[in-house]
Q: 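Have a look at this one before I ask anything.
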Amino acid sequence: MAEGDESAPPTSEMAEPSLQRTLIKSIVSSSAAAAAEELVGRRVVVGGWVKTGREQGKGTFAFLELNDGSCLANLQVIVDAKVHPLSELVPTGTCVLVEGELKKPPEGTKQRIELRVDKVLALGPVDSKYPLPKTRLTLENLREVVHLRARTNTISAVARIRDELAYGTHTFFRKNGFRYVHTPIITTSDCEGAGEMFQVTTLFSLAEKTEKELKQNPPPSESEVEAAKVLVKEKGEAVAQLKSSKASKEEISASVAELTKAKENLSRLEERFKLKPGIPRKDDGGIAFENDFFKRQAFLTVSGQLQVETYACALGNVYTFGPTFRAENSHTSRHLAEFWMVEPEMAFANLQDDMNYAESYVKFLCQWLLDHCLEDMEFMVKNYDKTAIERLKLVASVPFEHISYTKAVQLLKNVTDKEFENKVEWGIDLASEHERYLTEVIFKKPVIVYNYPKGIKAFYMRLNDDQKTVAAMDVLVPKVGELIGGSQREERIDVLKSRILESGLPLEPYEWYLDLRRYGTVKHCGFGLGFERMIMFATGLDNIRDVIPFPRYPGKADL
């Protein structure tokens, strides 16, 4: 381009050149001295947040422990005072983008490599109110600064573990021939039949809008509406009279236009006359959902299972992995209002296939973390759960125990060294204390319990020949208890109808689900893994609110 070319863009519109940042993980990931030697002398650009900073040599230089979130480890960075004012760099939380040369530290230091900075390319200062001090905060306190807590070692480690488990999930199902299906977050079906669902509605905003409109522009009176009706009648009679007297086309057209205008005005007046403040209701006092956005009741999904079954009955093996919601007013350490579920569904498969896939999947995830996230798992062992890695190795390597629900109840009834808070008897839904006793004390490994009483399981689970149990299974693991729940689905339409009605649910919302049995029914099965529970199991953290980036629970929905 010639100098002074008027077609050249202004300098301010040109994009900045790429910074080509090097991740700290790629610098510090190898502990081998030979690998570190290969990096010595290389120029790199590194960005991150200062974990700790201190001035040394009477203020002539500073050491910064820099972390960019790519790994647990920090990179030691050395900056001379002549490069940049040190007081701006050393406060904890400061963000810096620096360029320099990788050097070998002096003998006797724990670092194998460090960065000697000769340029500070960007600086994100931090003020004195930064809420994450060098001293360790409790996980409970960190929930009050959910927007910053990912900068801590614990939450950043959990984030990487969570990411690896998600990637491992997709890898497992891809390797086993499953297709990933996105199921709806907004649904009109209650999969669990519990009714604890968040409603999706525009009726409240519609009511507010109507009330505001009525205040600013009051509705017409009944007499005004009647007057408009009289005018329409008069205009109609005028048109009829012109036509009968064979008036000119122009006269008739003008009269018709006046009639049309009068009708439109009447329609507007009648519509506004019907406006009433508050939520629209039917004559019997019930809410008129036909006025809602979807013209019927809608909810946030509690599970993608029912919808993903439609794809299993067409594509074969599929899975969904997404957020689910429960409006359960629970404050326990195991419940969230918003959480993630992994839900595979397999066609031409029975309960045994379901158990086999579930066991293989859990084993795969455990081994995946051992292979891809060992540094973060070692941090968890050091700070939270000394048995975390041992537990992953155990689950990844040993066959799971398979027992019927009836057998599990018998074993628990025979326990004499412990008194359970919840009495054990056939027909109960096993509590966490029962599940953990089976896995941690009796078998000392994961256990799959199958053939549960039909009274404690969902309507879609296949009824067994004994008419008392259903082909359901739960995968129980140490530390957590139930990790996976699944079943063979009921493929017989007559039985499924009966089960829906027995559960106190109407048939109409499930007609589409029944269609899967009407048109080419197939034996199929599936399960659901609570993703946050898997992270709790892996890390050893006790509270589910600490293993999801933005926890939602009663009274809390920050950001």
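Just so you know, residue 1 is the first one in the sequence shown, and it goes up from there.
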Q: Quick one about Gln352 and Asn356 (side-chain donor to acceptor, distance below 3.5 Å, no hydrogens or angles considered), yes or no?
A: yes
Q: Please tell me if the side chains of Gln199 and Phe289 come closer than 4.5 Å, counting only heavy atoms from C-beta onward.
A: yes
Q: May I ask you to check if Arg179 and Tyr311 form a cation-pi contact, with NZ or CZ under 6.0 angstrom from the six-membered ring centre and within 45° of the axis?
A: no
Q: With a 4.5 Å cut-off on side-chain heavy atoms, are Thr439 and Val477 touching?
A: no
Q: For the residue pair Tyr319 and His170, does the interplanar ring angle fall in the parallel (under 30°), tilted (30 to 60°) or perpendicular (over 60°) class?
A: tilted
Q: Under a plain distance cut-off of 3.5 Å, with no hydrogens placed, do Glu309 and Tyr513 share a side-chain donor-acceptor pair?
A: yes
Q: With sequence neighbours left out, what residues match Lys556 under salt bridge (charged side-chain N to carboxylate O under 4.0 Å, His left out)?
A: Glu144, Asp558
Q: We want to know whether Asn176 and Asn317 form a side-chain donor-acceptor pair, criterion being a heavy-atom distance below 3.5 angstrom.
A: no
Q: With heavy-atom distances below 4.5 Å as the criterion, would you say the side chains of Asp385 and Arg391 are in contact?
A: yes
Q: In the structure I gave you, are the side-chain heavy atoms of Ser303 and Glu343 within less than 4.5 Å of one another anywhere?
A: yes
Q: Taking atom types as modelled and ignoring hydrogens, do the side chains of Ser404 and Asn451 form a donor-acceptor contact shorter than 3.5 angstrom?
A: no
Q: Classify the side-chain pair Tyr450/Asp354 by whether it contains a donor and acceptor separated by less than 3.5 Å.
A: no
